[in-house]
Amino acid sequence: MPELPEVETVRRGLQPALEGQTLKSVIVRRAKLRIPFPKDFARRLTGSKVERLGRRAKYLFMHMQGGDVAIIHLGMTGHMTAISGKAPAPGKHDHVDFCTTAGATVRFNDVRRFGLMTLTTEEELETHRLIKNIGPDPLANSFSHEVLSAALKGRATSIKAALLDQKTVAGLGNIYVSESLFRSGISPKRQAKSVQGSRAEKLTRAIQEVLREAIEAGGSTLKDHRQPDGELGYFQHHFRVYGKDGETCPNCDDERYRIKKIVQAGRSTFYCSNCQR
DNA sequence: CTATCCACCTGGCGGC
DNA sequence: TGCCGCCAGGTGGATA
């Protein structure tokens with residue numbers, strides 16, 4: 001499911017069930033997702049209070065009283081559901097339950113198991129191996145077109161590949177890269193280093209707009225994504241190019257340039273060759 | 001450093 | 001109905 005807007009939607013949706021609550025039990029039903037759980041994962045979290053939920057790019061953080069931080073990534077198909085009252089029997093892909101003393105259960109489900117959970121501390125969060133190399137979060141105050149231009153400078157790879165690379169900007173995935181490039185009129189095939197000046201400004205604006213609108217819409221539900229209350233996201237209805245190959249472009253509407261689907265770095269890209277240069 | 005390929009997993013869909 | 005290949009919102013390690 002999850003690019004930045006979906007993860008942010010999950011964070012917001014889990015706040016009522018978790019923030020300020022004490023974990024009565026943590027049940028891990030599978031020792032390993034993408035990476036093994038720390039052996040003391042459940043023990044260290046049990047009995048602690050969740051101070052707040054944070055997010056950096058596609059990573060969700062559970063900041064615990066006492067200084068521990070649980071790092072959670074949803075991979076491709078991970079989602080989290082907040083259940084009030086008695087939780088139903090876990091299904092095949094319900095890998096973890098966080099149960100609070102207030103009687104709520106937050107359940108992590110991940111069909112493909114590309115997600116991960118691990119533990120660190122406040123002091124070591126910024127230097128954690130999963131976190132230390134990722135680039136700026138595009139919705140953070142520190143992000144700007146200057147930061148983006150600098151990250152793209154000198155890079156011969158395509159702008160599509162550069163934006164998917166979490167070291168450039170952290171949080172975009174396959175959907176929102178295509179949508180951002182469309183909104184800024186930039187071809188996904190253009191060399192990253194040529195996106196400078198006004199192009200970088202337009203792209204920065206487009207990225208921020210797309211992400212904000214998507215969060216507002218509860219993210220995009222293609223298959224797996226659900227908000228923690230079970231609601232679907234509905235930003236997929238606002239896609240302009242993603243998954244729309246063969247349709248006419250919503251901008252130029254010119255029959256001669258229908259939305260194209262190409263493969264870059266092994267991933268599909270959707271764009272209009274007329275509007276994006 | 002870069003680019004490419006591949007592995008990690010499961011499930012849904014289309015074609016035969 | 002079954003089998004097969006392909007595809008999917010992500011990431012990171014190996015390789016050249």
Side-chain angles (χ1 to χ4, degrees), chain A residues 1-11 29-37 55-60 71-80 91-96 108-118 128-135 137-138 150-181 188-189 191-193 207 210-211 214-215 217-227 232-239 241-246 261-270:
Chain A
M1 84 187 216
E3 301 181 36
L4 187 153
E6 290 74 34
V7 178
E8 177 61 15
T9 298
V10 168
R11 188 188 73 81
R29 299 193 183 81
R30 185 179 271 277
K32 162 179 183 298
L33 297 172
R34 184 179 170 75
I35 61 174
F37 282 80
R55 179 188 61 74
R56 167 96 178 270
K58 302 176 194 173
Y59 288 94
L60 199 58
I71 300 177
I72 299 172
H73 194 289
L74 302 175
M76 285 280 259
T77 53
H79 51 275
M80 302 189 88
K92 188 176 171 188
H93 303 296
D94 290 333
H95 305 307
V96 183
F108 176 76
N109 175 289
D110 185 7
V111 171
R112 289 176 73 183
R113 307 205 302 270
F114 289 167
L116 68 86
M117 291 192 195
T118 192
H128 191 278
R129 66 172 192 92
L130 293 170
I131 306 300
K132 69 177 178 201
N133 289 324
I134 63 177
D137 186 299
L152 297 174
K153 196 175 167 200
R155 297 178 64 181
T157 192
S158 67
I159 185 65
K160 162 74 190 293
L163 292 178
L164 267 189
D165 179 350
Q166 302 295 296
K167 288 194 287 297
T168 313
V169 177
L172 296 176
N174 213 30
I175 293 175
Y176 298 106
V177 166
S178 278
E179 293 294 320
S180 300
L181 287 171
K189 296 196 241 181
Q191 285 202 319
K193 64 184 176 189
I207 289 169
V210 165
L211 296 179
I215 290 168
S220 302
T221 298
L222 296 189
K223 303 171 71 157
D224 302 289
H225 172 62
R226 289 283 190 292
Q227 303 188 50
L232 302 176
Y234 54 92
F235 190 72
Q236 65 279 11
H237 303 304
H238 301 279
F239 290 171
V241 290
Y242 186 85
K244 306 221 174 271
D245 45 315
K261 175 181 177 174
I262 60 173
V263 174
Q264 294 177 287
R267 317 286 307 275
S268 300
T269 302
F270 302 87

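Just so we're on the same page: letters track the sequence lines, and every chain starts at 1.
Residue K58(A) places at least one side-chain N or O under 4.0 Å from the OP1 or OP2 atom of dT11(C). Side-chain N/O atoms of Q166(A) include one lying less than 4.0 angstrom from OP1 or OP2 on dT11(C). The shortest distance between the side-chain N/O atoms of S268(A) and the OP1/OP2 oxygens of dA8(C) is below 4.0 Å. Listed pair R267(A) / dG9(C) meets the phosphate criterion, a side-chain N or O lying under 4.0 Å from OP1 or OP2.
Under the salt bridge (charged side-chain N to carboxylate O under 4.0 Å, His left out) criterion, R112(A) pairs with no residue at all, not counting sequence neighbours. In terms of the ring-ring contact (aromatic ring centres under 6.0 Å, His included) criterion, F114(A) has no residue partners (sequence neighbours excluded). Among residues two or more places apart in sequence or in another chain, the side chain to side chain contact (heavy atoms under 4.5 Å, CB included) test is passed with Q264(A) by S158(A), K160(A), P188(A), K189(A), I262(A), T269(A). For H238(A), the ring-ring contact (aromatic ring centres under 6.0 Å, His included) test picks out F235(A), with sequence neighbours left out. Shown here are the salt bridge (charged side-chain N to carboxylate O under 4.0 Å, His left out) partners of R29(A), two or more places apart in sequence or in another chain: D97(A). Residues satisfying the side chain to side chain contact (heavy atoms under 4.5 Å, CB included) criterion with H95(A), sequence neighbours excluded, are R30(A), L33(A), H93(A), F108(A), D110(A), R113(A). With sequence neighbours left out, Y242(A) forms a ring-ring contact (aromatic ring centres under 6.0 Å, His included) with F239(A), F270(A).
Within the 4.5 Å cutoff, no side-chain heavy atoms of I71(A) are placed close to those of M117(A). Using a 4.5 Å heavy-atom cutoff, the side chains of I175(A) and L222(A) are in contact. Using a 4.5 Å cut-off on side-chain heavy atoms (C-beta onward), E3(A) and L211(A) make no contact. Looking at heavy atoms from C-beta onward, V177(A) lies out of side-chain contact with R267(A) at the 4.5 angstrom threshold.
In this structure, the CD atom of Q236(A) is 17 Å from the P atom of dA8(C), given to the nearest Å. Nucleotide dG12(C) holds its P atom 6 Å from the CG atom of L130(A), rounded to whole Å. The separation between L164(A) atom CG and dG10(C) atom P is 7 Å, rounded to whole Å. Look at CZ on F239(A): it is 13 Å from P on dA8(C), rounded to the nearest Å. Atom-to-atom, OH of Y59(A) to C1' of dG9(C) comes out at 15 Å; the value is rounded to the nearest Å. Here the P atom of nucleotide dG9(C) and the CZ atom of F235(A) are 16 Å apart, to the nearest Å. Taking atom CG on D165(A) and atom C1' on dG13(C), their separation rounds to 14 Å, with Å as the unit. Nucleotide dG9(C) holds its P atom 12 Å from the CD atom of E6(A), rounded to whole Å.
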Can you name the atoms? Protein N/O to nucleotides 1-5 of chain B N/O, anything below 3.5 Å, with the distance.
residue : atom : partner : partner atom : Å
dA3(B)  : OP1  : T157(A) : N            : 3.0
dA3(B)  : OP1  : T157(A) : OG1          : 3.2
dA3(B)  : OP2  : T157(A) : OG1          : 3.3

Taking N or O atoms only and anything under 3.5 Å, show me the protein contacts with nucleotides 6-10 of chain B, one pair per line.
residue : atom : partner : partner atom : Å
dC8(B)  : O2   : R34(A)  : NH1          : 3.2
dC9(B)  : O3'  : R113(A) : NH1          : 3.4
dC9(B)  : O3'  : R113(A) : NH2          : 3.3
dC9(B)  : O2   : R112(A) : NE           : 2.8
dC9(B)  : N3   : R112(A) : NH2          : 3.3
dT10(B) : OP1  : R113(A) : NH1          : 3.1
dT10(B) : O3'  : H93(A)  : NE2          : 3.4

Shorter than 3.5 Å, N or O on both sides, protein versus nucleotides 13-15 of chain B: list them out with atom names.
none

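For the atom pair CG (L60(A)) and CG (L74(A)), the distance works out to 6.5 Å, reported to the nearest 0.5 Å.
Both K223(A) and I134(A) sit near DNA chain C, but only K223(A) has its closest nucleotide nearer the 5' end.
Counting non-hydrogen atoms under 4.0 angstrom, Y242(A) reaches the backbone sugars and phosphates but no base.
Annotation: dG9(C) and dT2(B) have their P atoms spaced 24 Å apart (nearest Å). Spacing of P atoms, dC3(C) relative to dC9(B), comes out at 23 Å, to the nearest Å.
A salt bridge (charged side-chain N to carboxylate O under 4.0 Å, His left out) check over residues 164-177 of chain A, counting only residues at least two apart or in different chains, returns the pairs R155(A)-D165(A), D165(A)-K167(A).
Put simply, the side chain of Q166(A) gets close to the backbone of L172(A): a donor and an acceptor are under 3.5 Å apart.
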query: Does the side-chain contact (heavy atoms from CB on, under 4.5 Å) test come out yes or no for I131(A) and Y59(A), once each step is laid out?
result: CA-CA 8 Å; I131(A) 306 300; Y59(A) 288 94; 3.9 Å; yes
field: For DNA chain B, the dot-bracket pattern of Watson-Crick and G-U pairs whose distances stay under 3.5 Å, | for other-strand partners
entry: .|||||||.|||||||
